[in-house]
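Single-structure report; data block below.
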Protein chains: 2
Amino acid sequence: MTTKATSIDIAYRAGVSQSTVSRALRNSPLVNEETRLKVQAIAKELNYKVDKNASNLRTQSSLTLALLLCEDPTNDDSLINPFFLSMLGSITRATAQQGYDLLVSFQQLSSDWHADYEDSNKADGIILLGYGDYMDYEEKLDKLREQNTHFVIWGPAQNKQAVLSIGCDNHQGGVIATQHLIAKGRRQLAFIGDASSHSPEFQARYLGHKQALKRAGISSHKQLQVDAISTESSGYDGAMKLLEQKLPFDAVFAASDLIAIGAMRALKQQGLRVPEDVAVVGFDDIPVASFANPGLTTIKQNTKLAGEILVDSLLKLIKGKEVSNQLIPTSLIERQSCG
Amino acid sequence: MTTKATSIDIAYRAGVSQSTVSRALRNSPLVNEETRLKVQAIAKELNYKVDKNASNLRTQSSLTLALLLCEDPTNDDSLINPFFLSMLGSITRATAQQGYDLLVSFQQLSSDWHADYEDSNKADGIILLGYGDYMDYEEKLDKLREQNTHFVIWGPAQNKQAVLSIGCDNHQGGVIATQHLIAKGRRQLAFIGDASSHSPEFQARYLGHKQALKRAGISSHKQLQVDAISTESSGYDGAMKLLEQKLPFDAVFAASDLIAIGAMRALKQQGLRVPEDVAVVGFDDIPVASFANPGLTTIKQNTKLAGEILVDSLLKLIKGKEVSNQLIPTSLIERQSCG
DNA sequence: CTGAAAGCGCTTACAG
DNA sequence: CTGAAAGCGCTTACAG
């Protein structure tokens, strides 16, 4: 209790060698059943735990994964995008399930983060969850690849690069959302969210949106797409801009729930009713979506599955197995905001 | 690039001994300026990073803190209490600022978590953020203490125990919230939240509430306190129960924002207006509070400061410095839910 | 200011 | 099935 027990202490008490203790504790088949039980009993009694630093040093692995949340520095201080927090939860769980520990770090996009986690043997691999401008992001990825770091990123597939990426099928989500609005009788659809290559996920949602409109034979006015980043206030601003244009619209597909909630606030403030005058669909299905008034119909990203796939893929990559990019299907969660 | 550089590689290239490399990299005053610069330049060039496992093993420390989020198993899968997520953010930041890494783990209250983080030298200390039933929680704390683990817990002071705890001044928060409702002319105040010793934080808020009422000479009916755990649906149920009692009330102090939001949903559903018929105050100031309709007036817990104090205190404890429990003041955030 | 050496606590070939 | 020994990559007294 005063000082930590080591495998030598156990060896002494069990009357065997330290090597045998190590084997017994690792359930090596090489060790006699009886010996093993005795050793394990003593270990338990002494509250012995294998020293991670020593075993990691010896095996040159860490059984630890690092999660890097790359934040947009424009964001409020401890206000992390709820969607990423949900991912954090599922990644933590999936990591634990695989017997790994998780090191978490928030990084400013601006900082020099291409992270020494793997270099310093703190982690066997890295999961990157990023938002903010994608362009900045990309350089750092190159650096990671150069160093042969094992990593997987959450987001759209990086076509030109040998980067393992797992993401939701944003395009399909955009299609579903738009089809739903059309099915509800809406014909003048607006889109709030940056649709440039700086936000490839939003862009894919927008492209899905346009494809669905085209298939349904509905024309879309270019001005009905206004930019916004994924915050409530940006969604509010986006909707206000839309309203100022005086172009009529009877539905809004917001690129994220936060945007949708801000947009609903703007619409209501301007005397429009949701869903009667304007139907609204969001994206993500963050917890707030169900508390919104009216309840927000949205495209759910399956964060639980996403976390599992991210972790599994990274582990496969580390172990040298074959891996490939994956697109996780999204689904429509119907509430009240579309009537 | 193919294989990781070690201090021996650097020593070879720099024409010095490995010990000197180690000293130079650690900015030891014992090493010649010129030598140091040369070594550091080579290290940078080779993209060398000190192997954490080796240095930790040698120094018997890990420069890592572990954060254990103890969840109530009744909770939805990846739906973590937003307040704790906010704490997670600030703890992560504070940890990084001190040059430590953070290992994050979610634990079921039921599981045998008294965690081998420190035993196995993975972390130098542990931060516990828990919710759920406090009674269950307490036993595990004893176990941790027995093992001389360095840890700090978020929550009310553990009077009878030598446990370091940092928490918000829940009692004071309860007073402020109640005084605000009284100042708004309300006289029949209800409280939604478990007020038993199973939830000491809620209990403190309730006691503050009662004290403020007493000071103002307002009597409170015992039945105007109804139990609820910190979820939206539990808040909804609590408010419904309150309404069924037919005892009149013109204000609700909810023990958490999630409860407040659920209560507002119930009130509105039953045709009552917030704040005209019933004023509502929450507790926490989670992001959702500002998106609620009407905006939720609430008692803010300063999570940024809390994270910093938790980390600083734990670090002091680890270093053998003197530490003491701390109570962090709360503040009123006024929005629209109280008129 | 520098180097040779010990040792942190494990795991795992190697020999028996 | 077991033990003696090497070695993972560092840090830090010790000697110079």
Side-chain angles (χ1 to χ4, degrees), chain A residues 3-40 42-43 46-64 99 101 116-124, chain B residues 3-40 42-43 46-64 99 101 116-124:
Chain A
T3 177
K4 239 156 243 174
T6 70
S7 57
I8 302 225
D9 300 328
I10 298 177
Y12 179 78
R13 301 212 187 191
V16 295
S17 73
Q18 183 267 333
S19 340
T20 300
V21 170
S22 178
R23 288 195 194 95
L25 262 19
R26 302 175 61 74
N27 287 313
S28 158
L30 286 174
V31 81
N32 180 292
E33 171 81 8
E34 210 176 316
T35 319
R36 204 191 68 218
L37 292 174
K38 184 163 63 174
V39 168
Q40 290 182 343
I42 295 174
L46 296 185
N47 217 325
Y48 170 81
K49 295 279 157 39
V50 172
D51 184 303
K52 274 291 160 191
N53 292 131
S55 68
N56 289 345
L57 173 59
R58 181 54 232 243
T59 58
Q60 292 295 87
S61 76
S62 66
L63 291 184
T64 300
D101 283 315
D116 46 20
Y117 284 96
E118 191 171 340
D119 287 335
S120 61
N121 267 341
K122 285 193 235 175
D124 298 332
Chain B
T3 175
K4 239 157 242 173
T6 71
S7 56
I8 301 222
D9 299 328
I10 297 177
Y12 178 78
R13 301 214 188 192
V16 296
S17 74
Q18 184 266 332
S19 337
T20 299
V21 170
S22 178
R23 287 194 194 95
L25 261 19
R26 302 173 63 72
N27 287 313
S28 160
L30 287 174
V31 81
N32 180 292
E33 172 79 9
E34 209 176 317
T35 319
R36 204 191 68 217
L37 291 174
K38 182 163 65 171
V39 168
Q40 290 182 343
I42 296 174
L46 295 185
N47 219 323
Y48 170 81
K49 294 279 156 40
V50 171
D51 183 303
K52 276 289 162 192
N53 292 131
S55 68
N56 290 344
L57 174 58
R58 182 53 232 248
T59 59
Q60 292 295 87
S61 76
S62 66
L63 291 185
T64 299
D101 283 314
D116 46 19
Y117 284 97
E118 192 172 338
D119 288 334
S120 60
N121 268 342
K122 285 192 236 176
D124 298 331

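In what follows, every chain begins at residue 1, and chains take the letters A, B, ... in the order their sequences are listed. These values consider heavy atoms only, across backbone and side chains, with no hydrogens, waters or symmetry-generated copies.
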With sugar-phosphate meaning primed atoms plus P, OP1 and OP2, does [X] contact a base, only sugar-phosphate, or nothing at under 4.0 Å between heavy atoms?
X      : answer
T59(B) : sugar-phosphate
S7(A)  : sugar-phosphate
T6(A)  : sugar-phosphate

Per [X] side chain, nearest of listed nucleotides [options]:
X      : options                   : result
T20(A) : dC10(D), dG3(D), dC1(C)   : dG3(D)
D51(A) : dG9(C), dC1(C), dC10(D)   : dG9(C)
S55(B) : dG9(C), dC10(D), dT2(C)   : dC10(D)
A54(A) : dT11(D), dT11(C), dC10(C) : dC10(C)

(request) Might you point out which heavy atoms bring T64(B) and K122(B) nearest each other, and give the distance in Å? (result) CB-O, 3.4 Å

(request) Can you see which heavy atom on L57(A) is nearest to which on A54(B), and at what distance? (result) CD1-CB, 3.8 Å

(request) State whether a side-chain donor-acceptor pair under 3.5 Å links N27(B) with Q40(B). (result) yes

(request) Would you tell me whether S17(B) and T20(B) have side-chain atoms, one donor and one acceptor, within less than 3.5 Å of each other? (result) yes

(message) Are Y48(B) and I42(B) packed together at the side-chain level, in the sense that at least one heavy-atom pair is separated by less than 4.5 angstrom?
(response) no

(request) Map L57(B) and Q18(B) onto DNA chain C by nearest heavy atom, then report which one ends up closer to the 5' terminus. (result) Q18(B)

Protein-nucleotide distance ([X], atom [atom1]; [N], atom [atom2]), rounded to Å:
X      : N       : atom1 : atom2 : answer
L25(B) : dC10(D) : CG    : P     : 9 Å
R36(A) : dT2(D)  : CZ    : P     : 11 Å
K52(B) : dC10(D) : NZ    : P     : 11 Å
R58(A) : dC10(D) : CZ    : P     : 16 Å
I8(A)  : dC8(C)  : CD1   : P     : 8 Å
I10(B) : dT11(D) : CD1   : C1'   : 15 Å
R23(A) : dC1(D)  : CZ    : P     : 12 Å
N56(A) : dT11(C) : CG    : P     : 10 Å

(request) Between dC1(C) and dA5(C), how far apart are the P atoms? Round to whole Å, please. (result) 24 Å

(message) Please name the nucleotide paired to dG3(D) by Watson-Crick or G-U wobble geometry with both distances under 3.5 Å, or report none.
(response) dC14(C)

(message) Please tell me if Q60(B) has a side-chain N or O lying less than 4.0 Å from either OP1 or OP2 of dG9(C).
(response) yes

(message) With a 4.0 Å cutoff (strictly under), does any side-chain N or O of S22(A) reach OP1 or OP2 of dT11(C)?
(response) yes

